Amino acid sequence: MSSVSIAAPERVGIDLGERSYSIVIGPGLIADAASYAELPAAATALVVTNTTVAPLYAQAVCGALAERFRSVRVLELPDGEAHKNWETLNLIFDALLGHGADRKTVLFALGGGVVGDMAGFAAACYMRGVPFVQVPTTLLAQVDSSVGGKTAINHPLGKNMVGAFYQPQLVLCDLDTLQTLPQREIAAGLAEIIKYGPIADMAFLDWIEANIDALVARDAPALAHAVRRSCEIKAAVVGQDEREAGLRAILNFGHTFGHAIESGLGYGEWLHGEAVGCGMVMAAHLSEKLGGVDAAFVRRLTALIERAGLPVRAPDLGAERYLSLMRVDKKSEAGEIRFVVIDRPGSAVMRPAPDALVREVLAECCA
Ligand code: NAD
Ligand code: GLY
């Protein structure tokens, strides 16, 4: 596989005091994975990956890490959102204990957001916390899930309901890995990239619109810019509100509707990014009803999401089912659903919305 034409890796810092770390973005990073000063001193490493990613990248990662760690082992989890659960999480603890991993053992999460969220949660729990490094290999994971320290597994009653805030020591976004992704996964990642525009940076939204075809076609410089700018925005938000006391919730634009689609259809039926893309269309409709944006803005965002290759019509689960699924959302308080809405282009807030308005959105957006 050829490397992309980006001269040197770029770094985005995430400023969290003693938990600060770097996100390194560039081609060919896996080959140099052992070269980072941030890697903790340890004798052993466990690379947590899955059955799809392992044949592509595990050997290269292990080969690189062998320069630094005396023992490097690989654990292949079953692939898919449907496996983001206790049973799979336990496989990580089984491997750590089975290999005699100690408190300094470093976990490397090699894969997409599912692997990253589970390996991160395991790192948070094992011996009350061991260091971990994110090596995200999906677009979605490079622009969102590997950054910011949210780790979790799903519960049948709700998405990402059991987890911890636990920051990695380092994030290595090797852009070359994006070239082996299925096209549907590229679209899923584009949903989270598009998200940063309406909530934080309208100039970035303009840029995405101008470059959407290049992004869909995996143009390397376009992807590099999109990953870097997304990480900059996310790092700035998380740096101000690591544990989502308020501001960080804006990163969940589209997620309240999206999580309901994911759990309502059964995890894995729609990709997380697909559900978020469609959820943003629904949240934009709600934002219009609440006076934050006009109809032209809703049309513009919908058109961009569609051009990214994402669904813009929601599955018809029924309004009651949507409402009950959305009440399980982590942003709900005392049974009241709270939505992230755009209060003006480039700015988002979290607020409750009357059920009647939500029903109108569902009537407009469901297929
Ligand atoms: P994923 O982890 O399921 O990966 C998508 C698919 O691509 C999988 O089949 C995977 O095996 C495969 N894959 C990964 N890298 C590949 C590569 N380079 N080449 C070929 N195939 C590859 O899905 P995702 O979209 O990366 O992540 C979604 C998950 O992330 C959801 O569980 C979501 O809840 C979570 N998430 C977490 C956060 C957070 O802040 N922690 C943010 C957003 C999403
Ligand atoms: N993906 C939302 C967050 O990290 O807060």
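Just so we're clear, the structure is a prediction, and the values are computed from it rather than from any experiment. As the structure lists them, so they are numbered: ligands from 1, and atoms in each ligand from 1.
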Taking distance alone, with N or O pairs closer than 3.5 Å, would you say [X] contacts ligand 1?
X	answer
Lys159	yes
Asn50	yes
Thr151	no
Val115	no

| Would you call Lys234 a ligand 1 contact, heavy-atom distance under 4.0 Å? |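 In this structure, Lys234 qualifies as a contact of ligand 1 - some heavy atom is under 4.0 Å.
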
| said: Hydrophobic clustering (ILVMFWY, side-chain heavy atoms < 4.5 Å, transitive) - are Ile153 and Phe132 grouped together? | reply: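 Result: yes, single cluster for both.
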
Distance alone, cut at 3.5 Å: any donor-acceptor contact between the side chains of [X] and [Y]?
X	Y	answer
His272	Glu192	yes
Asp174	Thr177	no
Thr151	Asp117	no
Lys195	Asn252	no
Ser22	Arg11	yes
Glu81	Asn154	yes
Thr105	Tyr126	no
Glu38	Tyr21	no

| said: For Phe204 and Trp207, take the angle between the two ring planes, folded into 0 to 90°, and tell me which bin it lands in: parallel under 30, tilted 30 to 60, perpendicular over 60. | reply: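 Phe204 vs Trp207 ring planes: parallel.
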
Can you pull out the closest protein heavy atom to [atom]? Residue, atom name and distance to 0.1 Å, please.
atom	answer
atom 35 (C) of ligand 1	Asp117 OD2, 3.4 Å
atom 15 (N) of ligand 1	Thr137 OG1, 2.7 Å
atom 4 (O) of ligand 1	Thr138 CG2, 3.6 Å
atom 39 (C) of ligand 1	Ser145 CA, 3.5 Å
atom 9 (O) of ligand 1	Asp79 OD2, 2.7 Å
atom 31 (C) of ligand 1	Glu81 OE1, 3.1 Å
atom 24 (P) of ligand 1	Gly113 N, 3.5 Å
atom 28 (C) of ligand 1	Leu140 CD2, 3.9 Å

Is it the side chain, the backbone, both or neither of [X] that has a heavy atom closer than 4.0 Å to ligand 1?
X	value
Val114	both
Thr180	both
Val53	side chain
Leu178	neither
Glu185	side chain
Leu56	side chain
Leu181	both

| message | Show me, by chain and number, every protein residue that has a heavy-atom distance under 4.0 Å to ligand 2. | response |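 Residues within 4.0 Å of ligand 2: Asp144, Lys150, Lys234, Glu244, Arg248, Leu251, Asn252.
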
| Which of the listed options, His255, Lys195, Lys150, holds the heavy atom that is closest to atom 41 (N) of ligand 1? |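 Shortest heavy-atom distance from atom 41 (N) of ligand 1: Lys150.
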
| field | Option nearest atom 21 (N) of ligand 1 (shortest heavy-atom distance, choices Gly163, Ala82, Pro182, Gly116) | value |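 It is Pro182 whose heavy atom sits nearest to atom 21 (N) of ligand 1.
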
Show me which atoms of ligand 1 lie under 4.0 Å from any heavy atom of [X].
X	result
Asn160	34 (O)
Asp144	42 (C), 43 (C)
Lys84	31 (C), 32 (O), 33 (C), 34 (O), 35 (C)
Thr177	17 (C), 18 (N)

| field | Within 6.0 Å of CD in Gln59, more than 12 heavy atoms from elsewhere | value |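 No, CD of Gln59 has 12 or fewer neighbouring heavy atoms, counting only those of other groups under 6.0 Å.
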
| request: Could you tell me whether Arg103 atom CZ has more than 12 heavy atoms of other residues or ligands within 6.0 Å of it? | output: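 For Arg103, atom CZ is not crowded (no more than 12 foreign heavy atoms under 6.0 Å).
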
| query | What residue pairs, at least two apart or across chains, pass salt bridge (charged side-chain N to carboxylate O under 4.0 Å, His left out) with a residue in residues 242-263? | reply |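 For residues 242-263: Arg19-Glu242, Lys150-Glu244, Lys159-Glu262.
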
| message | Asp355 vs Arg327, test: salt bridge (Lys or Arg N to Asp or Glu O under 4.0 Å). Steps then yes/no. | response | CA-CA 11 Å; Asp355 279 5; Arg327 283 200 180 89; 3.1 Å; yes

| Heavy-atom closest contact (Cys125 atom, Phe93 atom, distance) |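 In this case the closest contact between Cys125 and Phe93 is CB-CZ, 3.8 Å.
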
Would you say [X] and [Y] make side-chain contact, with heavy atoms under 4.5 Å?
X	Y	result
Val340	His255	no
Arg218	Leu223	yes
Val12	Ile25	yes

| CA sep, side-chain torsions, deciding dist, call: Glu306, Arg299, salt bridge (Lys or Arg N to Asp or Glu O under 4.0 Å) | CA-CA 10 Å; Glu306 198 161 24; Arg299 280 197 300 276; over 6 Å; no

